[in-house]
Amino acid sequence: MRRYYREPAGETLPVIEAEVLALWGEEGILSKVKERMRGGEPLVFCEGPPTANRPPHMGDALTRAVKDAFLRYHIMNGRRVVPYIAGWDCHGLPVELEVERSFGTDSKAAIESYGVDRFNAVCRESVVRYKADWEEMSRRVGYGIDYEGAYLTMSNEYIESVWWSLKQLHSKGLLSKSSQVVPYCPRCGTSLSTHEAALGFEESEVRWTLVRFKVPAIDAYALVYTESPWTLVANALLAVDASKQYSVFELSGEKLLVADEKAALLGSAAKPLRTMRGSELVGLSYEPPFEYHGFDGRGFRVVASTEVTKEEGTGVMHVSPPYASADCGIGAAEGIDLFDPVDDTGRFTDAVPELAGRSVHDASSEVVRMVEVKGLLFKWGLTKRSSPFCWRCRTPLMHRLMDAWSVRASGAKERMAQLNAGVRWVPEDYRDGRFGAFLEDAKDWSVSRSRYWGTPLPVWRCPSGHEVCVGSLEELSRLSAAPLPAPLDLHRPQIDSVRLRCPECGGEMSREHYVLDCWYDSGCAPFAQYHYPFENMAEFETHRSVDFITESADQTRGWFYTQHVLSTLLFDAPAFKSVLVLGNLLDDKDRVVKSSAEGVATPGEVFSSVGADAARLYLLDSAVWQPVKFSMDDVRKAMFGTFTTVLNLYAFYSSNANAYGYTGQEAKERTHDLDRWIVSRLNTTVKEVRAGFDALEVQSAVHAVVRFIDDLSGWYVRRSRRRFWVESDPEDRFSAHATLNECLTTLSLLMAPAAPFFSDWLYRRLLGRKGSVHLEDFPVADESQIDPSLEVQMALVRQAVEAGRTARQGANIKLRQPLDEAVIAAGRDGAWVLRRYEKMLSEELNVKRIECVESREGMVEFVVSPNLRTIGPKYKETAAEVSRMLGQVDGNELVKHLRTVGRVRLGGFDLCEEDVVVSERQKSGYAHASAGDVHVYISLGIDKRLKIEGLAREVIRRVQHMRKEQGLRFEDEVEVGYSAHPDIEAAIASYRPHICNETHARSVEKSSSTDGAKSWTVDKMPLELTVRKAGH
RNA sequence: GGGCCCAUAGCUUAGGUUGGCUGGAGCACCCGGCUGAUAACCGGGAGGUCACCGGUUCAAAUCCGGUUGGGCCCA
């Protein structure tokens, strides 16, 4: 027989995926997809560039699966994804740190002596290597996007776009250099932006101290609180809030000054001596604990500041200008000299001889000791505090005054909020919640880094102080004092050697030796991925905002933010129109997966053992905006089922289609209820899937598909099986084949976004290898095929079957034993519906007759008993008589009467409903069970006729079992021989043609030969069977 | 210290905006069925104080307040 369909041969998902991946390569599917997109309505996308500095883990795979599912969905809907390229974040501390680690070095000095050119070359190599890892994972997870055309933040083109943006900001006065107190990592030797600092908060123990500062004019000590004792070394001023009340308290014989509202920290023993306003303290001199610098006589005074009482403490604030931004502001306002005795590595300089060379964090305890020696320590202690650490190297950060280039984002708060109001966030509360709140509090963004591997800051200065920000390679070459080196690498150190001629004074300009925060690079991705404005001007200009992005929640303050800041400042447009925020992946111990090393399998392991599609379907069927638990075992359990089910459906379909010569012709008008039902379900599912993807709810889309698979396998195919090979009704057989074909084909399309490999495999098998599922249109629901009432009806039928089986099970009667009747009570509408499906019900429940009734009244007997709790008090001693009488009456009659009249007169006693406890008893001879509102009663009587039929089915079952044991195909004919108990013989005699038909037997004959016979016991009766393949 | 989210069977979870009648599934477990999807398919059973405490209400898994535990974020 010619087989039209290739039947499955034990393929597993990983094998299928390997086959499909190879086919995609051979056929150049990606370029075909690109071809197909041409001319479509654009869908602007931007790949949030992963940092290529570590191997990808399963959490990264999740993000890619989500992106891919949406892209595939939209592509199938005819959208043209632009620019449809991958992207890689190549620069920055993460990469440098990885390289430093491999060198085993730990300082900028080591890098300098190794050579910045060589160091950066190694950084580049590292990026290229990890990028390859990431590409491999991405391809394997099925992320369909152009990798060849990917944007790299380290390419000259990308850098040029970044430079262009910097020049825009510079010319608008939004990028400038100033001294600011910024978070600073002493190990990395560079400042960080505030949102970078926010990435590294950790709980740690800090040393707090209360220190006495003598204020002679009031003959008391001002108490000062600090959690960074080392900053006392640079104390320059004390600050008070001029509008607040202060008091001098007496405590254990000493006089202490604190703000009234903070007096509680002195305890109840403290007695106020005199009170004054903060303003009265302003201008007084005090004796500092350390005096390493004189401040030209302008220091060591009490000054006024409103910052004071905002903070924890005493209401008297110690001011050390270089180490906190509030302090810096106060110092500048008072015009005092800057005294910063800490070097770039976070160590004290010779200005503090006792501490020279010690790092500030380590020096705190020593400072406390020194204060104590001077008799100025009031109290100290340790407390838990979450404080910032370097997000990459885990060194505690300090705050430090530095020259830094920053982007003035604070001025654009309102505009950023306005633009954000129109952005669609999923989950919605991110818009006004986390993200919105962050925008309200937007700080200026310190973007310069004193490092090596990054986009160089394109600002050159001449000795006369002129400044130029270069915005393109053309401009660089035009201003350059000498021809540019070729090939040109824009990175350090080559770029540092480029000198410009000052356009204003002709002087030689040299570059500011900073590189950029790598978050600035990625924030430019929406336009820099196009090499805008040097290429693709029109493409970018027509869209401006990206239509859709999705990344994990930790990007709220990272990439989501930087994009939004830059897009607002540069284009006055939101960076993206809709964003799906993803939760983290959790391992089996609820820890966030941060690398493959920590407990969770690598993507490679997962894909090769359970398959990428299984992992994808599992992940996409979860609430992806929340933390998602992931373990390989769960994937296997939860999803293998779905794939094997579809695989089996295809196996079933293909073998039957092959056997009956069906080759995919379209269905004619569908008349069979089951066909109409499953097609209705199919179209409903199409609607649900579309709605899910359109609402950015992958989970509901994927879930709808899974439910459909259940219905298709669990009800449609199960109920329709015989129709697939019925000889007598070829039209109906054709309808079944055609319907299943349509369901499977559409299913392959519906699965394509979530399970790109398996769906394509299925599609190709169904259509004989022509084309690919990813070049097809996404299905559109045919409303005319949807019949909601039919779907409701079928659900009712399934409930009735469920209840019927429960009833049989309860009575312990095998399904293969035919029974007489089932009475189904399902209410008026239910009974009306179920009557239509009597044939189906009788087959499912294996009963001869189905009777659908509206009420179950006829099927139950009411048993009444006295409610002694009410009867007792009412009738006292005659209660016993009432009870006896109740025991004698017909319960059914009594209940009927009670329910209509409400009371009953019984032998001179008046009884109402509460006096009677009614219980139900099944009519004898029936087994009962219910599901929902459907009650099913199955008659239990088995007469001779039913018994014989049951025995015949026992014989059939055993023959089938033996056929299977011998590995026969269903079209193979057999000859059956038997010897058995007379009852069984009688059953065989009555049902011989039926048995032959069911078992594909040419003959069923009594035989004495025991050769190859198998012995069975049926209902304690012996049965010997031989099954032989019939000769041709 | 502050904000947001979460807590439902052994595990993964639906439902919660609109309070209401027996809180649904799947996996695992036990029992059974089916036998032209068979290293498949189907059914049944057991398993839940819906984290804890309190409030509103005739009625709370659902609304409100608090506690505990977890996640994320801010400073």
Side-chain angles (χ1 to χ4, degrees), chain A residues 7-8 10 12 194-195 197-199 201 310-312 383-388 427 429-430 432-438 441 552-554 556-557 581 583-584 586 588-592 618 621-623 625-631 633-642 644-656 659 699-700 703 706-707 710 713-715 717-719 721-722 724-726 740 801-810 812-817 844 846 929-933 953 956-965 967-972 998-1000:
Chain A
E7 296 177 25
T12 62
T194 45
H195 61 267
L199 292 171
F201 270 81
K310 284 182 192 165
E311 310 210 348
E312 202 158 349
T383 183
K384 293 262 181 211
R385 194 46 47 103
S386 98
S387 48
D429 42 281
Y430 272 81
D432 300 325
R434 285 194 194 174
F435 195 70
F438 196 67
D441 205 27
S552 62
D554 45 18
T556 312
R557 314 308 165 109
V581 184
N584 287 316
L586 302 180
D588 53 356
K589 294 188 183 73
D590 278 355
R591 294 172 309 195
V592 174
Y618 173 80
D621 195 18
S622 323
W625 56 92
Q626 283 178 9
V628 176
K629 276 211 184 185
F630 184 87
S631 82
D633 235 24
D634 286 346
V635 177
R636 209 187 312 265
K637 282 177 194 157
M639 294 328 297
F640 241 120
T642 303
T644 26
T645 302
V646 180
L647 204 58
N648 277 311
L649 283 169
Y650 175 73
F652 175 83
Y653 168 79
S654 57
S655 61
N656 282 296
Q699 186 194 25
S700 64
H703 212 68
V706 172
R707 272 202 313 274
D710 278 353
S713 162
W715 190 250
V717 169
R718 182 155 73 87
R719 278 310 313 150
R721 271 155 78 178
R722 281 163 190 267
F724 283 84
W725 56 79
V726 66
L740 183 54
V801 169
E802 228 172 80
R805 299 216 168 174
T806 311
R808 288 191 70 120
Q809 185 119 2
N812 203 11
I813 299 179
K814 289 174 186 167
L815 196 53
R816 74 180 92 95
Q817 173 60 58
E844 278 291 314
N846 196 16
S930 66
D933 292 330
R953 289 191 63 163
I956 292 169
R957 193 203 134 196
R958 281 160 175 82
V959 174
Q960 300 288 30
H961 187 91
M962 291 170 73
R963 285 184 60 112
K964 191 54 64 183
E965 274 184 344
L968 300 180
R969 288 185 61 94
F970 66 77
E971 61 263 28
D972 295 332
E998 285 293 303
T999 61
H1000 242 243

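Only heavy atoms go into these numbers, but all of them, side chains included; no hydrogens, no water, no symmetry mates. We name chains A, B, ... by the order of the sequence lines, and we start the count at 1 in each one.
For A:N648, there are no side chain to side chain donor-acceptor pair (under 3.5 Å) partners, not counting sequence neighbours. Residues forming a salt bridge (charged side-chain N to carboxylate O under 4.0 Å, His left out) with A:E998 (at least two apart in sequence, or on another chain): A:R722. With sequence neighbours excluded, the residues satisfying ring-ring contact (aromatic ring centres under 6.0 Å, His included) with A:F724 are A:F652, A:H737. A search for salt bridge (charged side-chain N to carboxylate O under 4.0 Å, His left out) contacts involving A:R721 returns nothing, not counting sequence neighbours. Applying the side chain to side chain contact (heavy atoms under 4.5 Å, CB included) rule to A:T12 yields the partners A:P14, A:V15; only residues at least two apart in sequence or on another chain are considered. Residues satisfying the side chain to side chain contact (heavy atoms under 4.5 Å, CB included) test with A:T999, not counting sequence neighbours, are A:I956, A:V959, A:Q960, A:I995, A:A1001. Under the rule for a salt bridge (charged side-chain N to carboxylate O under 4.0 Å, His left out), the partners of A:R805 that lie at least two apart in sequence or sit in another chain are A:E844. Listed by chain and residue number, A:E954 satisfy the salt bridge (charged side-chain N to carboxylate O under 4.0 Å, His left out) test with A:R958 (two or more places apart in sequence, or in another chain). A:Y653 meets the ring-ring contact (aromatic ring centres under 6.0 Å, His included) test with A:Y5; sequence neighbours excluded.
The NE2 atom of A:H703 sits 7 Å away from the C1' atom of B:A25 (whole-angstrom rounding). One interatomic measurement links the two molecules: CZ of A:R719 to P of B:C41, which rounds to 18 Å at whole-angstrom precision.
Nearest heavy-atom pair across A:K629 and A:Y618 is O-OH, 3.1 Å.
Mapped onto RNA chain B by nearest heavy atom, A:N584 and A:A803 fall at different nucleotides, with A:A803 at the one closer to the 5' end.
Comparing B:C5 with B:G23, their C1' atoms are spaced 23 Å from each other, to the whole Å. On the P atoms, B:U35 is 26 Å away from B:A25, given to the nearest whole Å.
For RNA chain B, if you chain together Watson-Crick or G-U pairs that step i with j, i+1 with j-1 and so on, the runs of at least three with distances under 3.5 Å are B:1-7 with B:68-74, B:10-13 with B:24-27, B:29-33 with B:41-45, B:51-55 with B:63-67.
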Going 5' to 3' through nucleotides 2-15 of chain B and flagging B where a protein heavy-atom sits under 4.0 Å of the base, S where only the sugar-phosphate is that close, and - otherwise, we get -BB-------S---
Could you run through nucleotides 31-37 of chain B and give me one letter per nucleotide, 5' to 3': B if any protein heavy atom sits under 4.0 Å from the base, S if only the sugar-phosphate is that close, - if neither? B-SSBBB
